[in-house]
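The next block holds one structure in the form of structure tokens; read it before the comments.
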Amino acid sequence: MRFTKMHGIGNDYVYVNCLEEKVEDPGRVAKLVSDRHFGIGSDGLILIKPSKNADFEMDMYNADGSRGAMCGNGIRCVAKYVYDYGLTQKTNISIDTKSGVKYLELTIDNGKVSLVKVNMGKPILKASQIPIHSDREQVIRQPIDVEGREYYITGVSMGNPHAVVYMDDIKNLEIERIGPAFEHHPAFPDRINTEFVHVLDRSTVEMRVWERGSGETLACGTGACAVAVASIVNGYTDGEVTVKLLGGDLRVFWDRKEDLVYMTGPAAIVFEGEILL
Ligand SMILES: N[C@H](CCC[C@H](N)C(=O)O)C(=O)O
């Protein structure tokens, strides 16, 4: 199987052009290629497919083979792939996903995509639609007991579920222990992506993320959007937020009039290859 390895600020996936390749059992392939010793090494697998509803379709799988509904870093890379490899000449494109069609604006430098602005759609705050078990309409600073310690979560869906936790120190976080405890907590019927956030000022936060199905990643685009929305809802930041992640920064703007979230960031091609499945 031919593939292209790409990343969005360090959130790396194996990309397959399914206009040319056929991938049987993508869940199994995702597990195989994601292994950093026996495979290629990645946070998961992303298939680029033709679409009847949009210019292209993105079909994303986590490293454990589970299928994801949306991938913010991934969709920027899909946009870079289709433009740089000549599948489109358009600089405003649409990409269908399991959480609906997304619209993207490409910035071109020397004939290649250098930056992508994604309309990530409406943030979902209704507990039942995230979903998170709660006796409230919205999960805003809701207490939760995780391994005998009390945390306060804010729940947001960007097409995929996120629990946002605010802390004073995220550098000394035992994320390998606490991450899975959140991911598999009974409060989250579909598991959860968890973001651990330290607010720096009214327009800047730093975060780490334990992703459902992939573990700690260097960045999470939908997670950064969820963090920006949660920070605004909690009154910690204003409408435009720079989210600092281990792999780099993303700029997130929540247009409250339209109730749409915009995320801007880079995308990079690392190498191409062929793997024997
Ligand atoms: N890394 C992705 C999110 C993957 C979400 C996936 N872990 C799930 O919801 O199962 C991003 O950049 O938005």
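Both ligands and their constituent atoms are indexed starting at 1 by order of listing.
Here the heavy atom of the protein found nearest to atom 4 (C) of ligand 1 is Glu211 OE1, 3.2 Å. Protein heavy atom closest to atom 12 (O) of ligand 1, with residue, atom name and distance, is Gly221 N, 2.7 Å. Closest to atom 6 (C) of ligand 1 among all protein heavy atoms lies Asn62 OD1, 3.2 Å. Closest to atom 5 (C) of ligand 1 among all protein heavy atoms lies Asn160 ND2, 3.5 Å.
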Pairs of donor and acceptor atoms involving the side chains of residues 106-117, under 3.5 Å and at least two apart or interchain, shall be tabulated with distances.
residue	atom	partner	partner atom	Å
Asp109	OD2	Ser114	OG	2.8
Ser114	OG	Thr107	O	3.3

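Under a 3.5 Å cut-off, the side chain of His185 and the backbone N or O of Ile144 do not form any donor-acceptor pair. Proximity of a side-chain donor or acceptor of Arg191 to a complementary backbone N or O of Pro161 within less than 3.5 Å is not detected. Put simply, the side chain of Lys102 gets close to the backbone of Ser99: a donor and an acceptor are under 3.5 Å apart.
Taking the six-membered ring for Trp and thresholds of 30 and 60 degrees, Tyr236 and Tyr166 have ring planes more than 60 degrees apart, a perpendicular arrangement.
At a 4.0 Å heavy-atom cut-off, ligand 1 touches Asn11 through the side chain alone. Of all the heavy atoms of Met60, the ones lying under 4.0 Å from any atom of ligand 1 belong exclusively to the side chain. Within the 4.0 Å heavy-atom criterion, neither part of Asp43 lies near ligand 1. By the criterion of a heavy-atom distance under 4.0 Å, neither the backbone nor the side chain of Tyr61 is placed next to ligand 1.
Near Asn73, the atoms of ligand 1 lying under 4.0 angstrom from a non-hydrogen atom of the residue are 11 (C), 12 (O).
Listed by chain and residue number, nothing satisfies the salt bridge (Lys or Arg N to Asp or Glu O under 4.0 Å) test with Lys31 (two or more places apart in sequence, or in another chain).
Within the 4.0 Å heavy-atom shell around ligand 1 one does not find Gly213.
Side chains of Asn234 and Thr154: a donor-acceptor N/O pair is present below 3.5 angstrom, by distance only.
The shortest N/O to N/O separation between Tyr13 and ligand 1 falls below 3.5 Å. The shortest N/O to N/O separation between Gly72 and ligand 1 falls below 3.5 Å.
Residues Tyr15 and Phe3 place their aromatic rings such that the two centres sit no closer than 6.0 Å.
Cation-pi geometry between Arg141 and Tyr152 is satisfied (NZ or CZ under 6.0 Å from the ring centre, within 45° of the ring normal).
Of the candidates Gly159, Ser214, Gly44, Cys71, it is Cys71 that places a heavy atom closest to atom 2 (C) of ligand 1.
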